[in-house]
Amino acid sequence: MQAPSLGGVQVPRGNGTTVVRLRHGSSLNDFADKIDANPASLVTVLFHLGEMATATQSLDEDTFGTLATELGYVVEMVSAEEEDRELLGAFDIDLDAELEGESDEDLFPRPPVVTVMGHVDHGKTKLLDAIRSTDVVAGEAGGITQHIGAYQVRTEHEGQDRAITFIDTPGHEAFTAMRARGAQVTDIAILVVAADDGVMPQTIEALNHAQAANVPIVVAVNKVDKEGANPDKIRQQLTEYNLVAEEYGGDTMFVDVSAKQRMGIDDLLEAVLLTADAALDLRANPDKDARGVAIEANLDKGRGAVATVLVQSGTLHVGDAIVAGTAHGRVRAMFDEHGENVTEAGPARPVLVLGLASVPSAGDTFLVAPDERTARQIAEKREAAERAALLAKRRKRISLEDFTQALQQGKVETLNLVLKGDVSGAVEALEDALLKIDVGDEVDLRVIHRGVGAITQNDVNLATVDNAIIIGFNVKYAERVEDLAEREGVDVRFYSVIYQAIDDVEAALKGMLKPEYEEVQLGTAEVREVFRSSKFGNIAGSIVRSGEIRRNTKARVLRNGNVIGDNLTIESLKRFKDDATEVREGFECGIGLGSYNDITEGDVIETWEMREKPRA
């Protein structure tokens with residue numbers, strides 16, 4: 001029925017219990033469609049209620065609540081999961097019905113998915129390294145896992161060849177979000193505790209994640225070969241957290257291992273399989289379209305968007321049209337953890353997928369769509385909904401009284417940030433950690449953009465408009481962007497260990513900026529040719545592109561704008577056959593980086609030094 005509202009505007013009214021379902025980030029247009037009203041009328045009503053908004057502007061839940069109460073409706077905001085279910089339903093994709101329709105004959109055993117958790121520096125990556133017999137730690141900044149990866153290993157168990165999938169989670173507390181995501185896709189958690197160190201804060205944090213996700217735990221007591229190691233003390237400490245060892249009459253398996261000496265690895269794998277067989281019914285239907293999770297994703301200059309996905313049910317084939325979050329595409333190629341081509345991936349199989357049009361977020365679910373057109377439509381609708389929800393969240397309503405109060409207290413300061421990283425999981429974790437920094441109400445932190453890949457002109461332009469600071473995590477500038485950033489006076493900071501970025505931002509927010517050392521670039525050289533030398537390792541035949549290259553200075557190697565080798569030293573520098581102390585711009589030289597040999601043609605060697613500068 002039509003009834004007059006505020007200002008004499010005619011708007012259809014509800015009876016006080018009429019429910020209107022809206023997704024997050026809806027506009028007045030969406031609300032008007034639901035109640036069959038003129039959007040312009042709703043703009044007027046909202047104006048009389050003290051809110052100014054356009055018909056197409058995304059509004060938050062409170063604003064809709066105020067408007068709905070005035071008009072006699074009850075607004076019910078649809079969650080992201082419900083919204084996504086409704087969206088997929090519009091394309092005849094019903095995941096719930098699919099699961100209900102599976103019988104026992106359709107389900108086959110699948111490998112367990114295992115997450116390795118624990119306190120920083122307790123040997124998680126070293127343990128995975130021992131399991132896979134390859135070296136991961138050497139390439140990590142500060143000995144902390146910066147990326148999240150998935151690997152599958154095979155072992156003999158009770159006369160059968162069994163596979164186990166491992167997910168590696170980073171170790172610092174800043175990666176809570178990533179570790180939580182690891183627990184969500186996991187069947188079993190291996191909790192690594194150092195026998196010489198004991199239960200630490202992050203051990204408890206990891207334990208809480210696993211217990212909250214209702215995941216069985218196997219405890220690996222690492223470093224039992226070290227002096228002062230006391231495995232029994234670990235067993236006693238963990239009884240306080242409801243982890244009682246089998247030898248004490250509990251049901252948690254404890255295994256003494258030494259990742260360094262490769263001791264107890266087989267026992268640990270056996271404990272995982274015994275726990276899986278005893279406590280879990282690990283089965284999935286391989287004969288259907290694949291469903292799963294994107295564990296990690298990044299932008300590769302040569303191959304485009306690359307995503308590591310874990311198939312949870314069904315089988316993923318090359319040529320399938322897939323949609324992962326807001327990314328879509330056709331699977332052009334798949335690779336296993338050894339870089340070998342695979343044509344299909346069954347349940348619990350992690351693979352690297354090429355062919356997506358954009359980079360999905362880490363933790364996004366993926367599914368196979370009937371065709372590429374459907375995949376694109378689902379991705380576009382998700383992206384539009386996500387953008388609208390973000391705009392609604394960003395829009396801050398402030399009344400005149402609040403504004404006057406803020407002025408009396410002193411101007412409300414906002415620190416705007418643009419985050420760029422080499423992989424989406426790290427960017428997500430960095431944003432999550434930064435937004436948790438609490439420094440009171442006087443200062444506000446806003447992440448206005450986040451993305452994957454080198455820092456581009458768009459990032460600098462965005463930072464210029466919004467007066468933002470750009471944080472680059474394991475990435476550098478794209479071509480000709482550094483000059484633009486300097487010209488526009490944009491502050492760009494680079495980090496390779498995430499907690500340094502968090503500490504700096506927190507210090508900036510607190511205004512506790514003490515004199516610090518800043519990195520000053522000395523010169524860059526482009527690698528033209530690589531010479532192999534049995535005596536000196538690989539020598540990079542290079543031309544100096546800017547500044548000068550000096551012997552014994554710090555260096556890093558960049559490939560397609562991404563840092564692939566950091567904290568290196570120019571150990572040898574030659575002009576033709578003669579040793580040189582420095583080589584200037586425009587001249588050719590031979591550069592030796594000591595034992596670091598991962599250099600290819602087209603790489604850029606950048607040299608730098610730390611200089612003290614007083615902070616403002």
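Positions are given from 1 along the sequence. Being a predicted model, the structure only gives us computed values, none of them experimental.
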### Task
I would like to know whether Ile322 and Val353 meet side-chain contact (heavy atoms from CB on, under 4.5 Å); could you show each step before the answer?
CA-CA 10 Å; Ile322 64 168; Val353 170; 4.2 Å; yes
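- Ile164 has its side chain within reach of Val272: a pair of non-hydrogen atoms, C-beta onward, lies under 4.5 Å apart.
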### Task
Applying side-chain contact (heavy atoms from CB on, under 4.5 Å), run through Leu568 and Val557 and close with a yes or a no.
CA-CA 8 Å; Leu568 309 171; Val557 179; 3.7 Å; yes
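- In terms of heavy atoms, Asn298 sits closest to Val452 at CA-CG1, 3.8 Å.
- Here the side chain of Asp33 pairs no donor or acceptor atom with the backbone of Asp30 at under 3.5 angstrom.
- In this structure Glu431 satisfies the side-chain contact (heavy atoms from CB on, under 4.5 Å) test together with Leu419, Leu435, Val447, Arg450, sequence neighbours excluded.
- Of the charged side-chain nitrogens involved, at least one lies within less than 4.0 Å of a carboxylate oxygen, so that Asp491 and Arg493 count as a salt-bridged pair.
- Considering only heavy atoms from C-beta on, Val604 stays 4.5 Å or farther from Val527 through its side chain.
- When every heavy atom of Ala333 is checked against every heavy atom of Val318, the shortest pair comes out as CA-CG2, 4.5 Å.
- Glu372 meets the salt bridge (Lys or Arg N to Asp or Glu O under 4.0 Å) test with Arg330; sequence neighbours excluded.
- Residues Ser26 and Leu22 come closest through the heavy atom pair OG-CB, 3.9 Å.
- A 4.5 Å side-chain heavy-atom check between Thr326 and Pro360 finds every atom pair outside the cut-off.
- Every pair tested for side-chain hydrogen bond (donor to acceptor under 3.5 Å, both in side chains) that includes a residue from residues 477-490 fails, sequence neighbours excluded, so the list is empty.
- Of all the heavy atoms in Ala189 and Val215, the pair that sits closest is N-CG1, 3.4 Å.
- Taking CG of Leu273 as the start and OG1 of Thr155 as the end, the distance is 6.5 Å to the nearest 0.5 Å.
- Around the CZ atom of Arg373, the shell of radius 6.0 Å holds no more than 12 heavy atoms that belong to other residues, nucleotides or ligands.
- At least one donor-acceptor pair under 3.5 Å links the side chain of Arg382 to the backbone N or O of Gly325.
- Partners of Ala348 under the side-chain contact (heavy atoms from CB on, under 4.5 Å) rule, at least two apart in sequence or in another chain, are Arg110, Pro111, Val113, Thr165.
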### Full working for side-chain contact (heavy atoms from CB on, under 4.5 Å) between Leu434 and Leu430
CA-CA 6 Å; Leu434 290 175; Leu430 179 58; 4.0 Å; yes
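- Taking the side chain as every heavy atom from C-beta outward, Asp598 and Tyr596 approach each other to under 4.5 Å.
- Counting heavy atoms from C-beta outward, Val368 and Leu316 have side chains that approach closer than 4.5 Å.
- Here the CD-OG1 distance, from Gln457 to Thr464, works out to 11.0 Å after rounding to the nearest 0.5 Å.
- Side-chain contact between Phe494 and Ile455 is present, with heavy atoms from C-beta onward closer than 4.5 Å.
- Nearest heavy-atom pair, Phe31 versus Val75, reported as atom, atom and distance to 0.1 Å: CE1-CG2, 4.3 Å.
- Using a 4.5 Å heavy-atom cutoff, the side chains of Arg349 and Val351 are in contact.
- Partners of Asn567 under the side-chain hydrogen bond (donor to acceptor under 3.5 Å, both in side chains) rule, at least two apart in sequence or in another chain, do not exist in this structure.
- Judged by distance alone, with hydrogens and angles left aside, the side-chain atoms of Thr54 form a donor-acceptor pair with the main-chain N or O of Gln57 at under 3.5 Å.
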### Task
Determine, step by step, whether Val293 and Gln312 satisfy the side-chain contact (heavy atoms from CB on, under 4.5 Å) criterion, reporting the C-alpha distance in whole Å, the side-chain angles of both residues, the deciding distance to 0.1 Å, and the verdict.
CA-CA 7 Å; Val293 177; Gln312 290 177 302; 3.3 Å; yes
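- To the nearest 0.5 Å, atoms CD1 (Ile190) and CG (Leu269) are separated by 7.0 Å.
- Going from atom NZ of Lys420 over to atom OG1 of Thr456 covers 4.5 Å, rounded to the nearest 0.5 Å.
- Side-chain contact, Thr374 with Asp371: a donor N or O sits under 3.5 Å from an acceptor N or O.
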Output a table of donor-acceptor pairs, distance under 3.5 Å, between side-chain atoms of residues 340-347 and any protein atom two or more places apart or on a different chain; print 'none' if there are none.
none

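- Using modelled atom types, one finds no donor on one side chain facing an acceptor on the other under 3.5 Å when comparing Asn474 with Tyr495.
- A donor-acceptor contact shorter than 3.5 Å is absent between the side chain of Asn560 and the backbone of Asn562.
- Contact of the Ile437 side chain with the Ile502 side chain is registered, since non-hydrogen atoms from C-beta on lie closer than 4.5 Å.
- The pair Arg556-Glu519 meets the salt-bridge criterion, since a charged nitrogen lies less than 4.0 angstrom from a carboxylate oxygen.
- Heavy atoms only, all atoms of each residue included: Ala327 and Val359 are closest at CB-C, 4.3 Å.
- Between the Thr315 side chain and the Pro286 main chain, a donor and an acceptor come within less than 3.5 Å of each other.
- Taken to the nearest 0.5 Å, the CZ atom of Phe64 stands 14.0 Å off from the CD atom of Glu76.
- Interatomic distance, Asp187 CG to Ile167 CD1, rounded to the nearest 0.5 Å: 9.0 Å.
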